[in-house]
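Worksheet: the structure to be examined is printed underneath.
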Amino acid sequence: MKQDRILIIGAGGQIGAVLTEALREVYQPDHVIAADLRALSPQDGPTEILDALDGAALEEIVKKWRITQIYHLAAILSANGEKNPLWAWDINMRSLFNVLEISRQRQLAKVYFPSSIAVFGREASHHNTPQYEVLIPETVYGISKVAGENWANYYYRRYGLDVRSLRYPGIVGYQSMPGGGTTDYAVDIYHYAVQNKPYECFLSAHTRLPMLYMPDAIRATLELMEAPSNHLSVRTSYNLASMSFTPEEVTASIRKSIPSFKITHKPDFRQAIADSWPASIDDSAARADWGWKPEFDLDTMTVDMLKHLEVQYRNEE
Ligand code: NAD
Ligand code: SER
């Protein structure tokens, strides 16, 4: 078992909850510290309440647990960010600076900071969007991720801090609920389907977005963090791709198992955000540098999502 001591900030979120469990299988569980603004139930390891805006509190935790790696997941996502842009900017950037600074000062071994397809805007190629593309995002979330990527690269080049990053597409998983993004519909839709409820989608039927199933997202994260440093040519953030689909296509996939599933569409402010994002991503740099290869496609993800959610809802009855 690996000896590093890991701090996960934002461990109560959609990705953090699943990543914490995965890291506790690779590292000693009591060396994986799950931290969040809100209290987490201490399942298989230590937890801390932490506001990542509080640099002194972060430093205390890093010292207390002799942390060697930080996974900084806490952020305000695309849709929530648009409701209060300056608040979202403040949280996303100030928390990142606190993480980068403590990591530099205490010479931590590695830092992980996720970016997003939200870094792209309408000027970027819509299909097969390349790794190095014009970045003019249209949300405060996207602006904060572009800035964050550049700060990650700066800390790597200027201070040698080993910061690694992935531009996640929309993440779909059954284990946790999403936290206020534009791709959230792709999780919600499965919950409605297994409960035999009709779903009103906030995006139009033909909106195509890049998506990634949670097991692939977690594996990508662990593989990137394990890759030899000298294999990594991208120090801003790697494009990462798997599947791309529309609400109409995910509906058709669900109907292969639940033919009676009904959907309607009522696009809201999130439609404009989705329209500014790519439909598909070129992730050849990730494939070449550290061997990235997704395992799930839309139909295999749908079968797995429905199987797990049916058990979850049955157990709640
Ligand atoms: P989420 O909203 O589900 O979870 C974020 C967590 O951070 C929450 O538990 C929240 O309580 C915590 N948090 C917020 N402010 C905090 C603070 N000041 N201090 C400590 N904790 C704080 O987000 P997620 O979907 O799990 O995303 C995790 C990361 O991955 C984010 O950086 C996000 O931008 C990125 N990402 C996610 C997706 C996706 O589809 N989920 C896609 C692209 C990128
Ligand atoms: N899933 C995220 C969002 O919709 C993408 O970063 O905000």
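Heads up: numbering here begins at 1 and tracks the sequence. In each ligand, atom 1 is the first atom listed, and ligand 1 is the first ligand listed.
Of all protein heavy atoms, the one lying nearest to atom 7 (O) of ligand 2 is Ser78 OG, 2.6 Å. In terms of protein heavy-atom proximity, atom 15 (N) of ligand 1 is closest to Leu37 CD1, 3.8 Å. Ranking protein heavy atoms by distance to atom 26 (O) of ligand 1, first place goes to Ile15 N, 2.8 Å. At the shortest separation from atom 29 (C) of ligand 1 among protein heavy atoms lies Leu73 O, 3.2 Å. From the protein, the heavy atom lying nearest to atom 22 (C) of ligand 1 is Ala74 CB, 3.4 Å. Scanning the protein heavy atoms around atom 23 (O) of ligand 1, the nearest turns out to be Leu77 CD1, 3.5 Å. Among all non-hydrogen protein atoms, the one lying nearest atom 11 (O) of ligand 1 is Asp36 OD1, 2.6 Å. In this structure, atom 4 (O) of ligand 2 lies nearest to the protein heavy atom Thr182 N, 2.6 Å. If you check which protein heavy atom lies closest to atom 25 (O) of ligand 1, you get Gln14 OE1, 3.5 Å. The single protein non-hydrogen atom nearest to atom 40 (O) of ligand 1 is Ile171 N, 2.9 Å, given as residue, atom name and distance.
Among the atoms of Ser116, none of the N or O lies under 3.5 angstrom from an N or O of ligand 1. Every N/O-N/O distance between Ile76 and ligand 1 stays at or above 3.5 Å.
Ligand 2 does not have Tyr185 within reach: every non-hydrogen atom of the residue lies 4.0 Å or more from it. Residue-ligand proximity: Pro169 is placed with a non-hydrogen atom under 4.0 Å from ligand 1. Distances from ligand 1 to the non-hydrogen atoms of Ser115 include at least one value under 4.0 Å. Within the 4.0 Å heavy-atom cutoff, His72 does not count among the residues contacting ligand 1. Ligand 1 lies nowhere less than 4.0 angstrom from a heavy atom belonging to Phe113. Using 4.0 Å as the threshold, Gly170 has a heavy atom nearer than that to some atom of ligand 1.
Not one N or O on the side chain of Asp44 forms a donor-acceptor pair closer than 3.5 Å with the backbone of Glu21. Gln271 places a side-chain N or O within 3.5 Å of a backbone atom of Ser204 that can act as its donor or acceptor partner.
Atom CG in Leu135 sits 11.5 Å away from atom CD1 in Ile143 (nearest 0.5 Å).
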Would Leu298 and Glu249 satisfy side-chain contact (heavy atoms from CB on, under 4.5 Å), going step by step from the backbone distance to the final call? CA-CA 9 Å; Leu298 173 56; Glu249 287 166 353; 4.2 Å; yes
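Taking each of Ser116, Gly170, Ala186 in turn, the one with a heavy atom nearest to atom 5 (C) of ligand 2 proves to be Ser116. Counting heavy atoms only, Thr183 comes closest to atom 1 (N) of ligand 2 of the residues Val119, Leu209, Thr183.
Using a 4.0 Å cut-off between a side-chain N of Lys or Arg and a carboxylate O of Asp or Glu, Glu223 and Arg219 qualify as a salt bridge. Note on Glu101 versus Arg104: salt bridge recorded, some NZ/NE/NH1/NH2 to OD/OE distance being below 4.0 Å. Salt bridge Arg235/Asp162: present, at least one basic N to carboxylate O contact under 4.0 Å.
Within a 6.0 Å sphere centred on CZ of Phe97, heavy atoms belonging to other residues, nucleotides or ligands number more than 12.
Ser125 and Glu133 share a side-chain donor-acceptor pair at under 3.5 Å. Between the side chains of Ser115 and Glu149, a donor-acceptor pair is found at a separation under 3.5 Å. A donor and an acceptor atom, one from each side chain of Glu48 and Trp65, are located under 3.5 Å apart. When only modelled atom types and interatomic distance are considered, Ser253 and Asp299 share a side-chain donor-acceptor pair under 3.5 Å. Tyr168 and Thr221 share a donor-acceptor pair across their side chains, judged by distance under 3.5 Å alone. For the residue pair Tyr190 and Thr302, a side-chain donor N or O sits within less than 3.5 Å of a side-chain acceptor on the partner.
Which parts of ligand 2 touch Trp277 is read off a 4.0 Å heavy-atom cut-off, strictly below it: atoms 3 (C), 4 (O), 5 (C), 7 (O). Every atom of ligand 1 is numbered from 1 in the order shown, and the set under 4.0 Å from a heavy atom of Ala52 is 17 (C), 18 (N), 19 (N), 20 (C). Residue Gly10 approaches ligand 1 through these ligand atoms, each under 4.0 Å from one of its heavy atoms: 6 (C), 7 (O), 12 (C). Each of the following atoms of ligand 1 lies closer than 4.0 Å to a heavy atom of Tyr141: 33 (C), 34 (O), 35 (C), 36 (N), 43 (C), 44 (C). Per-residue contacts place Leu50 under 4.0 angstrom from the following atoms of ligand 1 (heavy atoms of the residue considered): 19 (N), 20 (C). Interface atoms of ligand 1 facing Gly179, defined by a heavy-atom separation under 4.0 Å, are 2 (O), 3 (O).
Checked against the 6.0 Å centroid criterion, the rings of His191 and Tyr313 qualify as a close aromatic pair. Proximity of the aromatic rings of Phe120 and Trp277 is defined here by a centroid distance below 6.0 angstrom, and this criterion is not met.
With a heavy-atom cut-off of 4.0 Å, Ser95 does not touch ligand 1 at all. Contacts of Tyr141 with ligand 2, taken as heavy-atom pairs under 4.0 Å, involve the side chain alone. By the criterion of a heavy-atom distance under 4.0 Å, the side chain of Lys145, and not its backbone, is placed next to ligand 1.
A side-chain contact (heavy atoms from CB on, under 4.5 Å) with Ser95 holds for exactly one of Leu73, Leu53, Ile9, Leu100; it is Leu53.
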